[in-house]
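Comments concern the structure below.
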Amino acid sequence: MSQVHDEVMAANTGYAADFGDKANLPMPPGRHFAILTCMDARLDPAKYAGLSEGDAHVIRNAGGRASDDAIRSLVISYKLLGTREWFVIHHTDCGMETFTDDIMRGLLASSLKTASVDASGWHDSGKGPGSTEGNYIDWLTIPNQEKSVLEDVLRIRNHPLVPEEIPVYGYIYDVKSGKLVEVVNATEAGKAK
Ligand SMILES: [Zn+2]
């Protein structure tokens, strides 16, 4: 096993040793809200939003985008588990700003190895084989954070499976300051009706 694997197991042993009354937490989030945010390693929603175990749902993907699967989770979040307000939180310096569908598809068609990036953009080692399967995926890249937050709040707000009374708030997390900055027109568009 890898060093990272061993570190994770050791950390878990410590966590479980001090588990305390978390064994008695109910499944539904105690504070009745959900956050959709990016998987970026610099973001820790539990810390930036003050969450403890049992408080809230956190749905994460590349970009924090309102993909079909993110919406699937949000619908389960309120329909079965009672959340009543949602946050869409994208962030500054997101990796999803650094490429387009065409770039990603080209990199994957060239090889499946990890690509490299420099000032002139993404480069592939070319040590194939690659795959054209990437052509069939919408990578949901982000040319502009304010726009992507607004777009995702609107998609959620207007989704036929999302009830009108759930407010959807739009924010951008600043990786330089740790602050959540509201995208005012997104929160406005996400207002409960
Ligand atoms: Zn990101």
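One-based numbering, in listed order, for ligands and for the atoms of each. Basis for what follows: all heavy atoms, side chains included, without hydrogens, waters or symmetry-related copies. All values derive from a computational prediction rather than experimental measurement.
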Which protein N, O or S atoms lie under 2.8 Å from the Zn ion (ligand 1)? C38 SG, H91 NE2, C94 SG

Indicate whether the side chain of D69 and that of S67 have a donor and an acceptor atom separated by less than 3.5 Å. no

Under the ring-ring contact (aromatic ring centres under 6.0 Å, His included) test, which residues partner F99, sequence neighbours left out? none

Do T98 and W122 have side-chain atoms, one donor and one acceptor, less than 3.5 Å apart? yes

Between H90 and G64 (side chain of the first, backbone of the second, donor and acceptor by atom type, cut-off under 3.5 Å), is there such a pair? yes

Between N185 (side chain only) and A189 (backbone N and O only), is there a donor and an acceptor less than 3.5 Å apart? no

Does a donor on one side chain sit under 3.5 Å from an acceptor on the other, for H32 and T83? no

